[in-house]
Amino acid sequence: MWKDFGFKRNLYDTHPVSGNAQGERLLVGRDAELRGLKNRISGFDTVTTIEGPNGVGKTSIVMVGGFQLYNETLHDGKDSILFLPEPFQLTTEESALDFKRSVYAAIASYFIENENTLKQRLDLQFGLKPLQAWLENPLFINGSVTIGPAGMGGGRTPNESKGFDLHGFFSLVDRLLKAAFSDKGGIVCVIDNLEILNTSQVARQRLEALRDDLFARHGMKWVVCGARGIVRSVASSQRLQGRLQEPIDVKPLSGNSIEDLVRVRVNEYKNSDDALPPVGPTSFGYAFRILHENLRDTLKFCGDFSLWLDESGQVIKDESELDQLFEIWLAEQSEAYMKSLNVPPRAWKLFDDICDQGGSISPSDHEEFGFNSPQYMRGQVQRLEQADLVVSELADSDHRRKTVTVVAKGWLLRHHRSGYEKQLN
Ligand SMILES: Nc1ncnc2c1ncn2[C@@H]1O[C@H](COP(=O)(O)OP(=O)(O)OP(=O)(O)O)[C@@H](O)[C@H]1O
Ligand SMILES: [Mg+2]
């Protein structure tokens, strides 16, 4: 399909931009954020944090920032900064020990896979064979490992009799990091999507547990990213203050950057000079504003439109004709959604109020929205959730957190309900 449009691949891929030279070309409008990120990682030994709405471009910034630091410190020997390209996630299911094990395994694999290149910039001092032996050991692979008395207490697996001591592996990796890096150097490790832990209380507990362990390791440089206020909430914890930096606040791309995003992708992926993108810069900007400046949602809708266009068999050679068609298609999408919904008037009123507040609210503000109890408001929020217009997280002990948020379908219907006028400056 993309070949027929004149492109090598999906122009509207929703994955984060990668930490490589192409990712660096694809990332637009983030010079200030990149500078801020790199300054924090290279100049401080505290945890760098990033906060911003869903789909705004946080992961992409971190990927490209890590890649740039890697290149900028190529000749810095022990002050080198390396970058683990796969971010980690903290989940409620995984134990602290399993998380630590996956971090150490990822670092060991990274060194093994890149041994030859790394030897040119770092003094590795010892061979990586023993690490490889650990990674290939079936007991290690299937998780039947234990922690000896010197390790982290309480982390024993049920399978103890068959297990062996994981502590040996941890100290091997620690020795490697000590040999490789000075106090300034290290490998950037990212914890992404902190908000999947749902409540700031859980996130705080998990990060506090890392404070004196992984966050304090020689040679590891941590970055924590999250959405919907969770990082900011956690960073204010008494135990984490001073160890976690104030979050870098990532705002939606502004000005011409949005149009540039499409132009850069077109340039990168076109097969011929007359390739015409199904959604060009103008329509992309239009959708971006309707969808409350969420890049991921905008890209998703553009992909859907491209599919529709291809399957409808229409032959269009002109950008403005495409722009018109896109506008009509979006309007038809929202009309079809609207017809399929059964939302009571009180819930619609709440929905409009949430949109007026910028798209997210805190459940503790029920009075402001005309409800005399949080429970009554909760019922209306549930109606909106069932209609896929908002998402809502568990009640959070941090009442300031805005945990009810309008999602893409909601913004599309908001546009529909306001007569296709609002938000389009
Ligand atoms: N500055 C940018 N230039 C070009 N493309 C971008 C930029 N920022 C983000 N994108 C694209 O937008 C989409 C969303 O970006 P990304 O995944 O980095 O956002 P996020 O904030 O991490 O989202 P989430 O909260 O869902 O994790 C991706 O497809 C990414 O390639
Ligand atoms: Mg992300």
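We use all heavy atoms of the structure for the numbers below, so side chains are in, but hydrogens, waters and symmetry mates are not. Values in this document were obtained by computation on a predicted structure and should not be read as measured data. One-based numbering, in listed order, for ligands and for the atoms of each.
For atom 13 (C) of ligand 1, the closest non-hydrogen atom on the protein side is Leu299 CD1, 3.7 Å. Of the protein's heavy atoms, Leu295 CD1, 3.4 Å lies nearest to atom 8 (N) of ligand 1. For atom 19 (O) of ligand 1, the closest non-hydrogen atom on the protein side is Gly57 N, 3.0 Å. Atom 17 (O) of ligand 1 has Arg296 NH2, 2.4 Å as its closest protein atom, hydrogens excluded (heavy atom only). The protein heavy atom nearest to atom 23 (O) of ligand 1 is Gly55 N, 3.0 Å. Of the protein's non-hydrogen atoms, Leu26 O, 3.1 Å is the one closest to atom 4 (C) of ligand 1. Thr59 OG1, 2.7 Å is the protein heavy atom nearest to atom 22 (O) of ligand 1. For atom 18 (O) of ligand 1, the closest non-hydrogen atom of the protein is Ser60 OG, 2.6 Å.
Here Asn193 has side-chain heavy atoms under 4.0 Å from ligand 1, and that is the only part of it that gets that close. Counting heavy atoms under 4.0 Å from ligand 1, residue Val56 touches it through both backbone and side chain. At a 4.0 Å heavy-atom cut-off, ligand 1 touches Arg30 through the side chain alone. When heavy-atom distances to ligand 1 are checked against a 4.0 Å cut-off, Arg265 comes that close only through its side chain, counted from C-beta outward.
Panel note: side chain Ser60, backbone Val17; a donor-acceptor pair is recorded below 3.5 Å. Within the 3.5 Å criterion, the main-chain N or O of Ser306 finds no donor-acceptor partner in the side chain of Asp310. Put simply, the side chain of Asn294 gets close to the backbone of Asn54: a donor and an acceptor are under 3.5 Å apart.
Side-chain contact check for Ser283 versus Leu322: every heavy-atom pair is 4.5 Å or farther apart. The closest side-chain heavy-atom distance from Trp348 to Leu413 is below 4.5 Å.
A cation-pi arrangement is present between Lys100 and Phe170, with the terminal nitrogen or guanidinium carbon under 6.0 Å from the aromatic centre and inside a 45° cone about the axis.
For ligand 1, the polar-atom distance check against Leu253 finds no nitrogen or oxygen pair separated by under 3.5 Å. Distances between N or O atoms of Leu27 and those of ligand 1 include no value under 3.5 Å. Geometrically, ligand 1 and Ala227 share no nitrogen or oxygen pair separated by less than 3.5 Å.
If you look at the Mg ion (ligand 2), the protein N, O or S atoms less than 2.8 Å from it are Thr59 OG1.
Ring centers of Tyr70 and Phe83: at least 6.0 Å apart, outside the cut-off. Aromatic pair Tyr376/Phe371: centroids less than 6.0 angstrom apart.
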| field | Working for side chain to side chain contact (heavy atoms under 4.5 Å, CB included), residues Leu253 and Arg30 | value | CA-CA 8 Å; Leu253 280 179; Arg30 291 303 191 189; 3.6 Å; yes

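With sequence neighbours excluded, the residues satisfying salt bridge (charged side-chain N to carboxylate O under 4.0 Å, His left out) with Lys349 are Asp353.
Distances from atom 31 (O) of ligand 1 to the heavy atoms of His15, Lys58, Glu195 put His15 nearest.
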